[in-house]
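Everything on this sheet refers to the single structure shown next.
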Amino acid sequence: MAINATEQTIEQIIQKVDNDAQLSVEELQSLLEITEHKQLQALYACAYRVKACHVGKVVYLRGLIEASNICQKDCYYCGIRVSNKRVKPFNMSQQQIVEHAVLAYEHGYRSVVIQAGERQNPTFVKHIEGALAQIKQQTQNQLRVTLSLGEQSEQTYQRWFNAGAHRYLLRIETTNPELYQQLHPADHSLQTRIDCLKTLKKVGYQVGTGVMIGLPNQTAKDLVADLLFMQQHGIDMVGMGPYIPHHDTPLGKHTASYDEQQKQQALTYGLKMIAVARILLRDVNIAAATSLHALAPNGRELGVQAGANVIMPNLTDLAYRASYQLYQDKPFINEQTALMNETLNRSISALGEKLEIADWGDSKHYQARVKSKPFHA
Ligand code: SAH
């Protein structure tokens, strides 16, 4: 049977990846625009080969601690934006944050992520700094801590780094300036976010960023530009996931919850982005985001098969889970995740992958970059 032109082109692009050749912007875009089932499977399989080769058949676990939903930002898509008065505020005490981290450590975790809404006031800075110092002390400095606490000054990033944080996640959300403007109030700045990523790198963090996928008015071309941005900025870790509307936000209030078909489409787009990110960025850590799981019960496993190598089980105390609704239908809000999730272990092992809890799982990209420039020049 004759192969049609697009199919041949996709096959050729995949062949190029297998031959270790660089892809052009147009070729990356063609991969993101695949809709045909067989081609999708070929894309995921190709990205998986790149993953196995550059970061191994291993999935690292990070325990996610949602420390507070209080946020000074007002992003139009986010359920915990400051203007959403329907959110019940919570703010873990320093001791509660430390307890979460130590509990994770006692259950074998060697890596946690502390995430919260953004606050730039001195009290918050000190609150986190103190928690970090105690975590370091109570885990004999054997627990890698990632922070995801938004835009901060260089001084704050430096203080938290000195107190024991090693990694920082700050999603750029989108690198298209017009789209960024549509999604945020006028006092939110794309340039500030870019500057923060540079500062984080300068301070010495392993730096992660990411975007939301499938935003209104976002094109495949935008997403390719986002991935090239990550490449140009030497990003070590990628955390990105499908956009899911939240009914209490300006962007989501007129959108009905996704039906099954929309969920499937959003999931596929998320998986394609993981695959193309893996193909382009090769040795970075890529998370199979929780929002993939919100779209399908096996979303995270599919993420791993498309090239992801990190999963972040939510360890936040159930009392707070429901109040950290970034988007609708966020999973696990009524379910206490077993600290070492046996089901996850089984499903990941079934893919021929090792689920690794006891390893820091530092980004290979970071290791290579520090080796080549030991003083972060
Ligand atoms: N305040 C921190 C982290 C908390 S928000 C920061 O600014 O980095 C974490 C992430 O949730 C955001 O970066 C955003 O990409 C994602 N998010 C927010 N609303 C979302 C939505 N409706 N759908 C999907 N992801 C969303």
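Heavy atoms only: backbone and side chains are in, while hydrogens, waters and symmetry mates are out. Atoms within a ligand are numbered from 1 in the order they appear, just like the ligands themselves.
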Check your understanding: Stepwise, does the side-chain contact (heavy atoms from CB on, under 4.5 Å) test hold for Thr174 with Tyr243?
Key -> CA-CA 11 Å; Thr174 173; Tyr243 162 66; over 6 Å; no
Check your understanding: Could you walk me through whether Gln218 and Asn176 pass the side-chain hydrogen bond (donor to acceptor under 3.5 Å, both in side chains) check?
Key -> CA-CA 9 Å; Gln218 188 184 42; Asn176 177 331; over 6 Å; no
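For the ligand labelled ligand 1, residue Tyr168 lies outside the 4.0 Å heavy-atom shell. Within the structure, the closest approach of Gly241 to ligand 1 does not fall below 4.0 Å when heavy atoms are considered. By the 4.0 Å heavy-atom criterion, Gln115 is counted among the residues contacting ligand 1.
In Tyr76, neither the side chain nor the backbone holds a heavy atom less than 4.0 Å from any atom of ligand 1. With a 4.0 Å cut-off on non-hydrogen atoms, Ala116 touches ligand 1 through its backbone and not its side chain. Contacts with ligand 1 closer than 4.0 Å are made by side-chain heavy atoms of Arg171 only, the backbone lying farther away. Of all the heavy atoms of Arg193, the ones lying under 4.0 Å from any atom of ligand 1 belong exclusively to the side chain. Heavy atoms of Glu151 found under 4.0 angstrom from ligand 1: none, in either backbone or side chain. No part of Pro245 comes within 4.0 Å of ligand 1, judged by heavy-atom distances.
Listed by atom number, the atoms of ligand 1 under 4.0 Å from Cys78 heavy atoms are 18 (C), 19 (N). For ligand 1, the atoms sitting less than 4.0 Å from at least one non-hydrogen atom of Tyr324 are 4 (C), numbered in the order shown with element in parentheses. Close approach of ligand 1 to Gly150 (heavy-atom distance below 4.0 Å) involves ligand atoms 2 (C), 6 (C), 7 (O), 8 (O). Applying the 4.0 Å criterion to heavy atoms of Glu118 picks out, from ligand 1, the atoms 1 (N). Distances below 4.0 Å separate heavy atoms of Tyr243 from the following atoms of ligand 1: 21 (C), 22 (N), 23 (N), 24 (C).
Asp18 has a carboxylate O that lies under 4.0 Å from a charged side-chain N of Arg49, or vice versa, which qualifies the two as a salt bridge. Between Glu151 and Arg193, at least one side-chain N (NZ, or NE/NH1/NH2) sits under 4.0 Å from a carboxylate O, which counts as a salt bridge. Classification of Lys38 and Glu36 as a salt-bridged pair fails, no side-chain N sitting under 4.0 Å from a carboxylate O.
Heavy-atom contacts from other residues, nucleotides or ligands closer than 6.0 Å to CD of Gln181 number 12 or fewer. Atom CD of Gln191 sits in a crowded spot, with more than 12 heavy atoms from other residues, nucleotides or ligands closer than 6.0 Å.
Counting only heavy atoms of the protein, atom 17 (N) of ligand 1 lies nearest to Met212 SD, 4.0 Å. Looking from atom 12 (C) of ligand 1 to the surrounding protein, the closest heavy atom is Glu173 OE2, 3.4 Å. Distance from atom 22 (N) of ligand 1 to its nearest protein heavy atom, with residue and atom name: Ile244 O, 2.7 Å. Here the protein heavy atom with the shortest distance to atom 11 (O) of ligand 1 is Leu326 CD1, 3.5 Å.
Under the 4.5 Å side-chain heavy-atom criterion for grouping Ile, Leu, Val, Met, Phe, Trp and Tyr, Val50 is not connected to Val310 through any hydrophobic cluster.
Each of Thr146, Thr199, Leu200, Asp236 was evaluated against Tyr205; a single residue qualifies, Leu200, per the side chain to side chain contact (heavy atoms under 4.5 Å, CB included) test.
Trp360 carries Arg144 over the face of its six-membered ring, with the cationic atom under 6.0 Å from the centre and within 45° of the normal.
Using cut-offs of 30° and 60° on the angle between ring planes, the pair Tyr168 and Trp160 is parallel.
Taking CD of Gln22 as the reference point, atom CG of Leu28 lies at 9.0 Å (rounded to 0.5 Å).
Distances from atom 24 (C) of ligand 1 to the heavy atoms of Ser291, Gly252, Ala289, Pro242 put Pro242 nearest.
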